[in-house]
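Every number for a ligand or one of its atoms is a count from 1 in the order of the listing.
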Amino acid sequence: MKTVYTCFCTDVIHEGHLNIIGQALKYGKLIVGALSDRALIRYNKFPTVSQEERIALYKKLDGVSSVIIQDSIMYNDVISQFHPDYVVHGDNWKEGPEAAIRENVINLLKEYGGKLAEVPYTYNEKVKKIDAQLKEKLAMPEYRRKRLRQLVQMCPVVKVLEAHSGLTGLIAEKTVVEENGRLDQFDAMWVSSLCDSTAKGKPDIELVDMSSRLRTIDDIMEVTTKPIILDGDTGGLAEHFVYNVRTLERMGVSAVIIEDKTGLKKNSLFGTEVIQTQASIEEFSDKIAAGKRAQLTDDFMIIARIESLILDKGMEDALKRAFAFVEAGADGIMIHSRKKNPSEILEFCDKFREKDKNTPVVVVPTSFNAVTENELALHGVNIVIYANQLTRSAFPAMQQTAKEILIHHRAKEADDRLTSIKDIITLIDEL
Ligand code: SPV
Ligand code: MG
């Protein structure tokens, strides 16, 4: 009897999947692959049920002879293991990033004469609704909120992109690249105080108030599902911070990062060019502890950001603060630097990890931008935030367009290098 293989990456079985099974059984004995959690998250199908539950779900289906784990979006391992006579897949993978997976399967099958059977994708109102419900589920506060902690457990390094509007949120949500036979994308979003303020034409000095920051978060949440880390500046007064923790939790934000500064906060990248005061260890520890006491779920994270290296207070001060803030209840440590060279960041991470193997470490490689995610991960970094690159790429492009229109007294010259409205519209989901 011939063997047939199909891979599922769904938490819910609908008539489209049953149709694939029906078609597959015409060719022979059916093995179903369950895409692993690790592979699913790179494919932006973040699981809402466990890997074991998905396997059990597929095993129960009529006609399925066995279920195996497929641990990569590409089929190399499973195909070399089973050499199935047929691979069956819906025909909806011919375009976009998924085309790379199709190509991969075709090439692997060619090596030994296996065949690909493509089944017309079932796209009716019912299936559409189930797809939308699955996506919507991920956007719900209780799923979105816990996803950052899940990612830290599942990924060698969690990659975070800045977002300050619905549109930039969509870029963080939907940008996928195919590189060396694997798909990649961002895991989460950073609502930066710098970029949120800049988008409003305001300085980054805690002038844009929390109501406005929450409005930005809500705009992003409306159109995305990925988890959100808020740049909470200094956290304000501890008496106010506790209320904000509750609000953020309820909205489904995953984490707030607060920095150990006091008084008028200025952006860290100014370093010692401007007057900035660090909060005392006691004062800042009290704020963290108050926030942790106010928190109602186990999901939310309060991450303490240490400004000692920014303010030239030295490595020992940075480490002393890190251990004290973890002691006070911080769920993670962000260490910041404005040096071009990552050595002080790496030294901090190595020394911190000598004593603390588990507390997540966050870095923002804006100045030390030559270091790779992998190198950072090797020194114990868990979360890497690309904090302002989207804003910095859009700003000069918009300024140039404005100048060109002024110079030419028409838009034609600028238009030739602009994205079409159609390309922007395809990013935006319609109901
Ligand atoms: C931000 O993005 O607002 C940050 C990171 O706080 S930095 O600008 O590097 O201080
Ligand atoms: Mg900031």
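- Under 2.8 Å from the Mg ion (ligand 2) lies no N/O/S atom of Ser192, from backbone or side chain alike.
- Ligand 1 places these atoms under 4.0 Å from at least one heavy atom of Ser268: 10 (O).
- Counting the atoms of ligand 1 from 1 in the order shown, those under 4.0 Å from a heavy atom of Leu269 are 8 (O), 9 (O).
- Between the side chains of Glu98 and Asn92, no donor-acceptor pair of N or O atoms lies under 3.5 Å.
- Here Gln81 contributes atom CD and Tyr5 contributes atom OH; the two are 9.0 Å apart, rounded to the nearest 0.5 Å.
- For the pair Asp231 and ligand 1, a heavy-atom separation below 4.0 Å is found.
- Counting atoms of ligand 1 from 1 in the listed order, those under 4.0 Å from a heavy atom of Ser192 are 1 (C), 2 (O), 3 (O).
- Looking only at N/O/S atoms, Asp231 comes nearest to the Mg ion (ligand 2) through OD2.
- Each of the atoms 1 (C), 2 (O), 4 (C) of ligand 1 lies under 4.0 Å from some heavy atom of Trp190.
- For Gln278 and Asp260, the side-chain atoms include at least one donor-acceptor pair closer than 3.5 Å.
- Because its NZ or CZ atom is both nearer than 6.0 Å to the ring centre of Phe46 and within 45° of the ring axis, Arg147 counts as a cation-pi partner of that residue.
- Residue-to-ligand polar distances keep Cys195 apart from ligand 1: every N/O pair is separated by 3.5 Å or more.
- Taking atom 8 (O) of ligand 1 as the reference point, the nearest protein heavy-atom neighbour is Asn267 ND2, 2.9 Å.
- For the pair Asp233 (side chain) and Gly235 (backbone), a donor-acceptor distance under 3.5 Å is absent.
- Contact between Glu259 and ligand 1 is absent, with no heavy atom of the residue lying under 4.0 Å from the ligand.
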Give the C-alpha distance, both sets of side-chain angles, the deciding distance and a yes or no for side chain to side chain contact (heavy atoms under 4.5 Å, CB included) between Ile302 and Gln295.
-> CA-CA 9 Å; Ile302 297 177; Gln295 186 178 321; 4.0 Å; yes

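- Thr297 pairs in a side-chain hydrogen bond (donor to acceptor under 3.5 Å, both in side chains) with only one of the listed residues (Lys146, Glu249, Arg250, Glu142), which is Glu249.
- In terms of protein heavy-atom proximity, atom 5 (C) of ligand 1 is closest to Arg305 NH1, 3.9 Å.
- To the nearest 0.5 Å, the span separating CD1 on Ile20 from OH on Tyr121 amounts to 8.0 Å.
- Contact annotation: His336 has at least one heavy atom less than 4.0 Å from an atom of ligand 1.
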